There are 2 protein chains.
Amino acid sequence: MSNPLVRKLECYTRLSEADRLCLIDAVGPGRMVAARTDIIHEGDDPRTVNVILDGWACRYRQFINGRRQIVSFLLPGDPCDPHIFLLDDMDHTIGAITPVLLGQISGPALQAMTARSPQLELAFHREALATAAVQREWTISLGSRTGIERLAHLFCELHARLAAIGLTEGNTCPMPITQNDLGDAMGQTSVHINRTLQELRGMGLITLRSRRLTIHDPAALARLGHFDSAYLHITEQVGRAVAQHA
Amino acid sequence: MSNPLVRKLECYTRLSEADRLCLIDAVGPGRMVAARTDIIHEGDDPRTVNVILDGWACRYRQFINGRRQIVSFLLPGDPCDPHIFLLDDMDHTIGAITPVLLGQISGPALQAMTARSPQLELAFHREALATAAVQREWTISLGSRTGIERLAHLFCELHARLAAIGLTEGNTCPMPITQNDLGDAMGQTSVHINRTLQELRGMGLITLRSRRLTIHDPAALARLGHFDSAYLHITEQVGRAVAQHA
DNA sequence: CGTTGCCTTGATACCTATCAAAGGGGGTGG
DNA sequence: CCACCCCCTTTGATAGGTATCAAGGCAACG
């Protein structure tokens, strides 16, 4: 199985074999981070770009009153903080949800790669733009979709993103997050998430069990969540399992 | 008065006089766009970067059911769509709120500028990162702040952004948006925005009248909205009028 | 086999939407 | 310059979605 970073970038443009090898070499074998711990600490070398090679993580903000808002999920292949070193300091935290295998690309190595390959530069650039689009879509979800629509949309998004890097099996994909996490992401309590999940199950749209999600009716779920995969900007079809949302 | 794009970029790094002249030259005199019309149409030359030189605009998504979600406000000096031409197509619309004076930088001109001046490249890059941080902050607002906190936070953000480009007069700044717009941005109805505004006024925190906002107690408003200007990543202090939120 | 999370369920309160209608303020045409 | 009109703002009453508080069930783990 190829490197998830390679698969992720190949969602945005075709890469040469040299590009692929260069990426795999630069990102290294990675190091393990335990579940439920923070990946990015203030004080870490800011000239390094972290990449999720395996497992799930999330960006979040922790409030003093105990409330936590997750603003995005990071899946295998996702860069954690591209170019964040250009800013003064982090305004949020990145935490591992599952055990995470974390690759690192040094700033100079990244610059050398993108300087040598316009395709790689384009891929990284498009990845950043697509990430921004995902963030806008979350704003839209939280602003104008009901609880059940939000969940439906999130499941469609996560399945599509996982499909793009070949981590789905048909309509089934990993979903290693608790109802508490879902609540923190959707701006709701876990109690209400629980009831909404039951509603989704009752409609026969999904099965969510043992950290795995199955979407029984992708078209109906997408319709319910007003999901249109265009915003993900996945233009190249990589991997054999690609989302089939109508 | 200098160019708003120059003032905006100088929020992120120092620019040389040559950089400033180069920017002003590249952006041109601009063209007027009427209020309440769309700025970016599908099919416009995607190799051009649009910049707001005067007036307010917003990014939004329009739903079939009539609901509209505004995902960000664009103020003078804000680039509309940097590098969006790298993607297949727009996933949202940009519309003028007030009459807007719109500058344009051609793709090649932009590339030539940033290739010549590392400071300019850094400034554009930081601007993009700061914009992403603002988007995350909106996600946080919609996900985990109450109605009154959201409004308080938004007013703090807009005042701070306007202050950074010298468009405030002490605690007063333009606020040319209707309660309907506020509702579309905060994920609430205009009716509820109206009641929340009355509450803010009743607490003696703000005056909002004739399209102008005055913040009577910046520290208290920031506290109420859990506003911390760090996420704006405005590092250089430009312009004589800078926000004084505690 | 007990502990610890996580999931589930119930009752109540609150925030916000919805529907409806009236009051103001600024802009435009006469 | 004034009158009209449209859009924005304001207000009231009711409904609905979601939070909160509390407690029990279940399953994985040490």
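Residue numbering restarts at 1 for every chain, and letters A, B, ... go by the order of the sequence lines. As a basis for the values below, the full set of heavy atoms in this structure was taken, side chains included, without hydrogen atoms, waters or symmetry mates. Worth saying up front: this structure is predicted, and the values here are computed from it rather than measured.
Rounded to an integer number of Å, the gap from CD of B:Gln179 to P of D:dT9 is 4 Å. Rounded to whole Å, atom P of D:dT20 lies 9 Å from atom CG of A:Asn65. Nucleotide C:dC6 holds its C1' atom 12 Å from the CG atom of A:Leu182, rounded to whole Å. Remark: P of C:dC6 and CG of A:Leu208 are 14 Å apart, rounded to the nearest angstrom. Distance, B:Asp181 CG to D:dT9 P: 8 Å, rounded to whole Å. In this structure, CD1 of A:Ile177 is placed 13 Å from P of C:dC6, rounded to the nearest angstrom. With rounding to whole Å, A:Gln69 atom CD is found 11 Å from D:dA19 atom P.
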Output one line per pair: protein atom, nucleotide atom from nucleotides 14-23 of chain C, and distance, for all N/O pairs under 3.5 Å.
| from | atom 1 | to | atom 2 | distance (Å) |
| --- | --- | --- | --- | --- |
| C:dT16 | OP1 | B:Gly147 | N | 3.1 |
| C:dA17 | OP1 | B:Gly187 | O | 3.3 |
| C:dA17 | OP1 | B:Thr189 | N | 3.3 |
| C:dA17 | OP2 | B:Thr189 | N | 3.2 |
| C:dA17 | OP2 | B:Thr189 | OG1 | 3.2 |

Kindly give the atom pairs (protein nitrogen or oxygen, nucleotide nitrogen or oxygen) under 3.5 Å for nucleotides 25-30 of chain D.
none

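Phosphate proximity of C:dC7 to A:Asn194: absent, as no side-chain N or O sits under 4.0 Å from OP1 or OP2. Listed pair B:Gln198 / D:dT11 meets the phosphate criterion, a side-chain N or O lying under 4.0 Å from OP1 or OP2. OP1 or OP2 of D:dC8 has not a single side-chain nitrogen or oxygen of B:Arg36 nearer than 4.0 Å. Within the structure, every side-chain polar atom (N or O) of B:Arg211 is placed at least 4.0 Å from both OP1 and OP2 of D:dC7.
Side-chain atoms of A:Thr168 and A:His159 include no donor-acceptor pair closer than 3.5 Å. With 3.5 Å as the limit, one finds no donor-acceptor pair spanning the side chains of B:Thr131 and B:Gln135. With no hydrogens or angles considered, a side-chain donor-acceptor pair links A:Trp138 and A:Glu157 at under 3.5 Å.
The distance from the OG1 atom of A:Thr189 to the CD atom of A:Gln179 is 10.5 Å, given to the nearest 0.5 Å.
With B:Asn3 as reference, B:Leu53 is the one residue of B:Leu53, B:Val51, B:Ile165 to meet the side-chain contact (heavy atoms from CB on, under 4.5 Å) rule.
Side-chain atoms of A:Ser144 do not come within 3.5 Å of backbone N or O of B:Gly187 as any donor-acceptor pair. Counting only distance, with no hydrogens or angles, the side chain of B:Ser210 and the backbone of B:Arg212 share no donor-acceptor pair below 3.5 Å. With hydrogens and angles ignored, the 3.5 Å screen pairs a side-chain donor or acceptor of B:Arg161 with a backbone N or O of B:Phe73.
Heavy atoms only, all atoms of each residue included: B:Gly166 and B:Arg7 are closest at N-NE, 4.4 Å.
Between B:His153 and B:Tyr231, the distance from one ring center to the other falls under 6.0 angstrom.
The number of heavy-atom neighbours closer than 6.0 Å to CZ of A:Arg209, taken from other residues, nucleotides and ligands shown, is 12 or below.
Axis angle between the ends of the helix from C:dC1-D:dG30 to C:dG30-D:dC1, five pairs each and rounded to 10 degrees, works out to 50°.
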